[in-house]
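Sequence lines set the chain letters: A, B, ... in the order given, protein chains first and strands last, and positions in each chain run from 1.
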Protein chains: 2
Amino acid sequence: MATTIKDIARKAGVSISTVSLVLNRKGYVADETRDKILSIMEEMNYKPLHSARKLATQKTGNIGYILWEGHFSEVEMFYSQVFLGMEYAARRDDYYILLTTVNDHFDPKEDLPRFLKYKDVDGVALAGRVPLELVKYLDDNNIPFVLIDYEIPGQNYNSVKIDNYNGAFRAVECFVRQGRKKIAFVGGTFFHPSIKERYRGYIDVLSKYNLISRKNPEIYSFCEESETSRAIGEKGIKSLLSSYPDIDAVFCCNDTTALGVISGIQSLKKRIPEDIAVIGFDDIPPSEFSSPKLSTLQVPKLDIGKEAYKLLYERICHPNIMPQTRIIPVELVIRESSKCLK
Amino acid sequence: MATTIKDIARKAGVSISTVSLVLNRKGYVADETRDKILSIMEEMNYKPLHSARKLATQKTGNIGYILWEGHFSEVEMFYSQVFLGMEYAARRDDYYILLTTVNDHFDPKEDLPRFLKYKDVDGVALAGRVPLELVKYLDDNNIPFVLIDYEIPGQNYNSVKIDNYNGAFRAVECFVRQGRKKIAFVGGTFFHPSIKERYRGYIDVLSKYNLISRKNPEIYSFCEESETSRAIGEKGIKSLLSSYPDIDAVFCCNDTTALGVISGIQSLKKRIPEDIAVIGFDDIPPSEFSSPKLSTLQVPKLDIGKEAYKLLYERICHPNIMPQTRIIPVELVIRESSKCLK
DNA sequence: TATTTTTATCGAAACGTTTTAATTTATTTT
DNA sequence: AAAATAAATTAAAACGTTTCGATAAAAATA
């Protein structure tokens with residue numbers, strides 16, 4: 001049916017070995033021969049059959065992308081965009097990405113993703129929070145993997161992270177530069193390490209500018225809930241404002257929460273940004289269309305995916321290199337919700 | 001390294017052909033022999049190597065899932081959930097699903113997803129609106145495919161659709177049964193056929209109960225915008241209410257819009273559902289947490305994916321059967337926003 | 001009983017690549 | 001000019017399956 005390496009070889013008057021060498025850019029092939037073979041490939045629209053190639057090389061040509069099921073149902077598309085970034089990057093090396101989800105309760109005997117069970121991947125990307133047992137399984141079985149936007153305390157694994165700390169720092173520092181003094185934090189739980197980092201950045205700015213001190217030890221933060229959502233943002237800011245009505249800026253753990261904070265502030269008839277400025281984190285699509293438009297830290301989701309792929313690919317090729325962490329910078333985009341006042 | 005069919009054969013004292021027969025449940029194998037082979041496989045944790053299998057069978061073992069890039073960045077996770085449904089269903093037959101996106105402007109020469117270019121899939125699922133040229137390419141090249149939640153006017157293709165018409169009909173009829181008389185529709189564009197169908201259901205209920213007539217020809221509908229969103233829902237209902245302040249129910253083209261409609265109604269100090277009842281469509285996660293909780297038509301996204309997979313799989317096995325359309329029913333879930341009044 | 005059919009098993013070819021080691025030819029070094 | 005090295009090509013084995021056709025034994029039929 002389809003043209004094979006044999007057809008190419010026959011037509012070019014060479015052996016299939018030579019064709020293979022051209023295909024893989026290996027060994028010695030005369031320039032003339034190479035050009036001839038390449039043009040015949042072009043002409044006959046030849047594409048090497050992946051399954052044959054994989055069988056011969058003993059590689060799968062796949063990498064797995066594992067996501068906690070809850071994340072995939074979430075409103076935010078964060079991890080889907082990261083996936084897309086990996087997919088783009090993987091094209092370079094003809095790798096396919098197999099996506100699957102895992103649950104909270106994870107038993108390697110039972111719940112192992114089938115691409116691991118059947119050894120159908122050369123490596124795995126773990127997106128966000130993921131069961132510890134799974135990480136352990138990969139580690140124990142020497143399967144190359146990379147953590148995305150997550151970390152295991154006390155362990156040094158290959159990982160790609162967002163620069164949560166510096167992003168938060170810059171956002172809050174921006175409030176300070178505008179002369180704002182009562183800067184609140186609205187978050188959900190510290191369940192996810194990213195949020196903890198963002199909070200740390202927030203606190204460090206307050207310290208740096210002496211906005212927390214013996215004289216003024218109050219921290220205007222709300223992070224009691226078990227998750228983050230619009231509703232919690234609204235609830236959080238209302239609760240804070242009832243205790244501290246003179247809050248003049250709010251840094252939120254993410255945009256979803258920030259959108260709720262905006263609703264909350266508006267329902268109390270305060271003006272944004274005149275009375276209170278708001279900055280979120282993530283830059284999800286609705287942030288650009290909210291009113292006022294939300295200032296936020298834009299995290300380059302595609303880049304995260306690309307970097308994760310590259311790191312993983314390197315580890316697939318050289319499995320015994322020390323684990324590495326790569327930090328992806330974020331960018332503060334100022335929109336209406338934190339505009340400077342004249 | 002890993003155990004192969006040869007190891008199994010040797011240990012069982014049979015030929016590899018026999019092992020293969022057991023593996024594929026084909027031909028004649030004595031019960032005794034089969035049991036022995038199976039238990040040895042179990043014991044040695046044998047998993048057939050996919051690439052070898054694929055090479056021998058000349059199948060790829062993959063199916064492609066193609067999504068318009070815009071959908072993947074959207075806030076709603078509709079198509080991701082559908083994907084997950086396919087992934088679940090595909091496990092039965094050891095199929096992997098390769099996800100990729102395409103842009104609006106699509107030239108088969110340039111933009112063909114690589115799994116098509118390299119013939120790495122046995123069939124393709126097209127999710128939502130997708131370039132016509134792509135559909136044509138698949139049709140011309142006899143690649144089995146199924147459309148999900150989409151249709152090409154005038155063409156009869158394999159497809160899985162939501163029962164938009166009947167869902168809308170039941171929702172609006174529910175308003176009528178509550179005695180509501182001025183029932184509005186807020187939608188975005190009719191760009192997507194689904195919305196057109198929902199509107200058709202809405203109109204047909206009005207006709208059935210003589211809510212549109214010569215005496216009363218006004219239709220309270222808003223669908224001027226180029227997309228659907230929260231903001232547009234809010235804008236839409238405000239615009240309608242300023243012209244028709246006695247509207248007592250709103251059917252929305254989807255939940256996102258409905259959430260905006262709720263905000264709009266609330267900002268005008270009307271009560272939901274006492275003054276105005278609201279029903280959406282889709283049942284996205286925030287609907288359950290909005291206040292009031294949104295009544296909506298719950299569309300079983302996983303089921304859609306599963307059905308799409310099954311249909312596609314049938315076509316991969318039997319390519320020359322007439323195209324079929326399967327309609328997935330939706331369920332009206334009444335929450336607070338359309339509660340019946342005593 | 002002889003013949004046909006069914007059941008059970010297996011050897012060998014095929015699937016389309018990569019890769020190793022061998023061979024030939026060309027070039028450089030002595 | 002001989003020897004050594006480099007460049008170009010290839011034959012053949014290997015990767016792990018499936019499947020076709022052959023063979024043999026057992027069961028059913030004539």
Side-chain angles (χ1 to χ4, degrees), chain A residues 1-38 40-41 44-62 93-96 117-122 317, chain B residues 1-38 40-41 44-62 93-96 117-122 317:
Chain A
M1 287 293 293
T3 54
T4 75
I5 201 172
K6 256 185 200 157
D7 303 323
I8 304 295
R10 190 177 313 117
K11 187 134 183 185
V14 297
S15 72
I16 61 169
S17 319
T18 306
V19 178
S20 178
L21 291 179
V22 170
L23 216 47
N24 297 285
R25 296 182 187 75
K26 280 188 179 171
Y28 296 109
V29 178
D31 289 352
E32 194 191 359
T33 317
R34 158 174 295 112
D35 292 348
K36 185 174 179 185
I37 290 176
L38 284 174
I40 290 178
M41 283 178 174
M44 301 182 73
N45 189 31
Y46 167 72
K47 308 284 178 206
L49 191 74
H50 275 124
S51 49
R53 215 170 201 185
K54 291 166 177 177
L55 179 58
T57 57
Q58 296 288 81
K59 294 221 160 192
T60 70
N62 298 321
D93 311 304
D94 274 338
Y95 260 97
Y96 285 118
K117 190 149 59 186
Y118 293 112
K119 304 216 184 314
D120 267 336
V121 292
D122 299 331
C317 298
Chain B
M1 287 293 295
T3 57
T4 74
I5 200 172
K6 254 184 201 159
D7 303 322
I8 304 295
R10 189 177 315 119
K11 186 135 185 184
V14 297
S15 74
I16 60 169
S17 320
T18 305
V19 178
S20 178
L21 291 178
V22 171
L23 216 48
N24 296 284
R25 296 182 186 77
K26 281 188 179 171
Y28 295 107
V29 178
D31 289 353
E32 193 189 0
T33 319
R34 158 173 294 110
D35 292 348
K36 185 173 178 187
I37 290 175
L38 284 175
I40 291 178
M41 282 179 176
M44 302 184 72
N45 187 32
Y46 167 71
K47 307 284 177 206
L49 191 74
H50 275 123
S51 49
R53 216 170 200 184
K54 291 166 177 179
L55 179 58
T57 57
Q58 297 287 80
K59 294 220 162 195
T60 70
N62 298 321
D93 311 304
D94 274 338
Y95 261 98
Y96 285 117
K117 190 149 58 186
Y118 294 111
K119 304 216 181 316
D120 266 335
V121 293
D122 299 332
C317 298

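- Put simply, OH on Tyr118(A) is 18 Å from P on dG16(D), counting in whole angstrom units.
- Side-chain nitrogen and oxygen atoms of Tyr46(B) include at least one within less than 4.0 Å of the OP1 or OP2 phosphate oxygen of dT17(D).
- OP1 or OP2 of dT19(C) lies within a sub-4.0 Å distance of a side-chain N or O belonging to Lys26(A).
- Separating the NZ atom of Lys59(A) from the P atom of dG16(C) is a distance of 24 Å, rounded to the nearest angstrom.
- At most 12 heavy atoms of other shown residues, nucleotides or ligands fall within 6.0 angstrom of atom NZ in Lys11(B).
- Computed from coordinates, the Leu55(B) CG to dA13(C) P distance equals 17 Å when rounded to whole Å.
- Using a 4.0 Å heavy-atom cutoff across all strands shown, Ser20(A) reaches at least one base atom of the nucleic acid.
- Between the CD1 atom of Ile8(B) and the P atom of dT18(D) there is a distance of 12 Å, rounded to whole Å.
- For the atom pair OG of Ser51(A) and CG of Leu49(B), the computed distance is 10.5 Å after rounding to the nearest 0.5 Å.
- A side-chain donor-acceptor contact under 3.5 Å links Lys54(A) to the backbone of Thr60(A).
- Taking atom CE on Met44(A) and atom P on dG16(C), their separation rounds to 13 Å, with Å as the unit.
- A donor-acceptor pair under 3.5 Å links the side-chain atoms of Asn62(A) to the main chain of Asp120(A), judged by distance alone.
- To the nearest 0.5 angstrom, Ile40(A) atom CD1 is 11.5 Å from Arg10(A) atom CZ.
- For the residue pair Ile16(A) and Lys6(A), the shortest heavy atom distance occurs at CG2-CA, 3.9 Å.
- A straight line from CG of Asp7(B) to P of dC15(D) spans 11 Å, rounded to a whole angstrom.
- As rounded to whole Å, 12 Å separates atom C1' of dT17(D) from atom CE of Met41(B).
- Taking atom CG of residue Leu49(A) and atom P of nucleotide dC15(C), one finds them 12 Å apart after rounding to whole Å.
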Can you build the contact string for nucleotides 3-11 of chain D? Use B for base contact, S for sugar-phosphate-only contact, and - for no protein heavy atom under 4.0 Å. ----SBBBB
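- Look at Lys54(A) and you won't find any side-chain N or O under 4.0 angstrom from OP1 or OP2 of dC15(D).
- Not one side-chain nitrogen or oxygen of Thr57(A) sits closer than 4.0 Å to the OP1 or OP2 atom of dT18(C).
- In the set dT19(C), dT17(C), dT17(D), the nucleotide with an atom closest to the side chain of Pro48(B) is dT17(D).
- A donor-acceptor contact shorter than 3.5 Å links the side chain of Asp7(A) to the backbone of Thr4(A).
- OP1 and OP2 of dT19(C) both lie 4.0 Å or more from every side-chain N or O belonging to Gln58(A).
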